[in-house]
Amino acid sequence: QKEVEQDPGPLSVPEGAIVSLNCTYSNSAFQYFMWYRQYSRKGPELLMYTYSSGNKEDGRFTAQVDKSSKYISLFIRDSQPSDSATYLCAMGPLSGGYNKLIFGAGTRLAVHP
Amino acid sequence: GAVVSQHPSRVICKSGTSVKIECRSLDFQATTMFWYRQFPKQSLMLMATSNEGSKATYEQGVEKDKFLINHASLTLSTLTVTSAHPEDSSFYICSARVGASGRKGEQFFGPGTRLTVL
């Protein structure tokens, strides 16, 4: 079993839809959680970063963490064609000097006009 | 802020040659840099972690003699693919951590280097 599970998709939605992207994890030591967006042939860019359970909102993006269920989500409201990309969840433990991130497989999202 | 650059963005080489990829943190000092490899439609695979001035730590299954990493300064790390073969063709991405002042685990990624070995 992988430490982080993420449905690779692809996920296709119409413009304006609410998108829900999810990851589950098995390691209870994971304490910080991130969502990255990666456009084709580009490096990932950080979208959201959170330590705690609950919701964190930034513009059209909301990150949700449920540590008791070991489940995190990213919601995108009013999705746009420019949101079409691969979304990677990433997480790691507070301990450890190198702070290595564990990534999900990435979900490919296509938003069509 | 927190910009990471990579050079070159794309390289095509003949089998048997060595290729060097540079990763630079442009506006911050990176105590730790990471090198990843990504195959088409797959996630990032961590190859190695390097700290400035010390030897890199390689992930299991990554040949340290084939993928040479040098983290010579707080703003520069290099990955050299030695005696490259077609199976080394991939997208190589570096990332950097800000250091103690940054958020735990947060990494800033470069734009990647596409290596094609003929």
Side-chain angles (χ1 to χ4, degrees), chain A residues 2-11 21 23 25 27 29-52 56 58 63 65 72 84-110, chain B residues 1-7 9-10 21 23-25 30-52 54-60 71 90-100 102-116:
Chain A
K2 294 181 182 177
E3 281 191 289
V4 179
E5 297 278 0
Q6 183 178 10
D7 187 338
L11 182 61
L21 305 165
C23 287
Y25 62 97
N27 191 340
F30 291 159
Q31 294 293 319
Y32 52 85
F33 307 89
M34 284 167 261
W35 285 94
Y36 284 87
R37 177 175 62 193
Q38 185 179 21
Y39 291 111
S40 182
R41 300 172 185 267
K42 301 291 184 184
E45 60 174 314
L46 182 66
L47 283 178
M48 301 290 283
Y49 181 102
T50 181
Y51 277 118
S52 54
K56 181 178 180 180
D58 184 359
V65 174
I72 69 170
S84 299
T86 297
Y87 290 80
L88 299 152
C89 64
M91 54 196 77
L94 285 177
S95 62
Y98 293 137
N99 306 139
K100 188 168 70 174
L101 284 179
I102 308 301
F103 283 88
T107 299
R108 285 183 291 131
L109 171 67
Chain B
V3 178
V4 176
S5 70
Q6 268 183 254
H7 179 80
S9 59
R10 180 176 295 187
I21 303 169
C23 177
R24 292 181 186 273
S25 56
T31 54
T32 305
M33 287 185 167
F34 303 85
W35 286 95
Y36 294 85
R37 185 173 180 176
Q38 188 176 36
F39 292 104
K41 298 184 180 180
Q42 294 188 26
S43 191
L44 303 168
M45 184 192 82
L46 180 65
M47 299 175 66
T49 302
S50 73
N51 286 285
E52 183 263 340
S54 61
K55 289 184 178 180
T57 300
Y58 290 82
E59 295 299 300
Q60 192 173 14
H71 194 156
S90 189
F91 193 52
Y92 292 87
I93 310 175
C94 72
S95 70
R97 283 198 58 232
V98 172
R103 293 183 292 193
K104 193 83 170 180
E106 185 174 13
Q107 295 179 23
F108 298 95
F109 285 84
T113 296
R114 182 158 303 282
L115 170 64
T116 302

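Small disclaimer: the values here were computed from a predicted structure and weren't measured. As a basis for the values below, the full set of heavy atoms in this structure was taken, side chains included, without hydrogen atoms, waters or symmetry mates. In what follows, every chain begins at residue 1, and chains take the letters A, B, ... in the order their sequences are listed.
- The CD atom of B:Glu106 sits 6.5 Å away from atom CE of A:Met34, with the distance rounded to the nearest 0.5 Å.
- With rounding to the nearest 0.5 angstrom, the OH atom of A:Tyr49 is 10.5 Å from the CD atom of B:Gln107.
- With a 4.5 Å cut-off on non-hydrogen atoms, A:Glu45 does not touch chain B at all.
- Each of A:Pro8, A:Ala105, A:Ala90, A:Pro44 has some count of heavy-atom pairs under 4.5 Å with chain B, and the biggest count is that of A:Pro44.
- Contacts between A:Tyr36 and chain B at a heavy-atom distance below 4.5 Å involve the side chain alone, from C-beta outward.
- Proximity to chain A is absent for every atom of B:Gln6, based on heavy atoms less than 4.5 angstrom apart.
- When the shell of 6.0 Å around NZ of A:Lys56 is examined, it contains more than 12 heavy atoms from other residues, nucleotides or ligands.
- A donor-acceptor contact shorter than 3.5 Å is absent between the side chain of B:Ser43 and the backbone of A:Gly106.
- The OH atom of B:Tyr36 sits 5.0 Å away from the CG atom of A:Leu101 when rounded to the nearest 0.5 Å.
- With a threshold of 4.5 angstrom between heavy atoms, A:Arg41 approaches chain B through its backbone and through its side chain.
- Comparing B:Pro111, B:Gly110, B:Ser9 by how many heavy-atom pairs each has under 4.5 Å with chain A, the most go to B:Pro111.
- Partners of A:Phe33 by ring pair (Phe, Tyr, Trp, His ring centres under 6.0 Å), not counting sequence neighbours, listed by chain and number: A:Tyr25.
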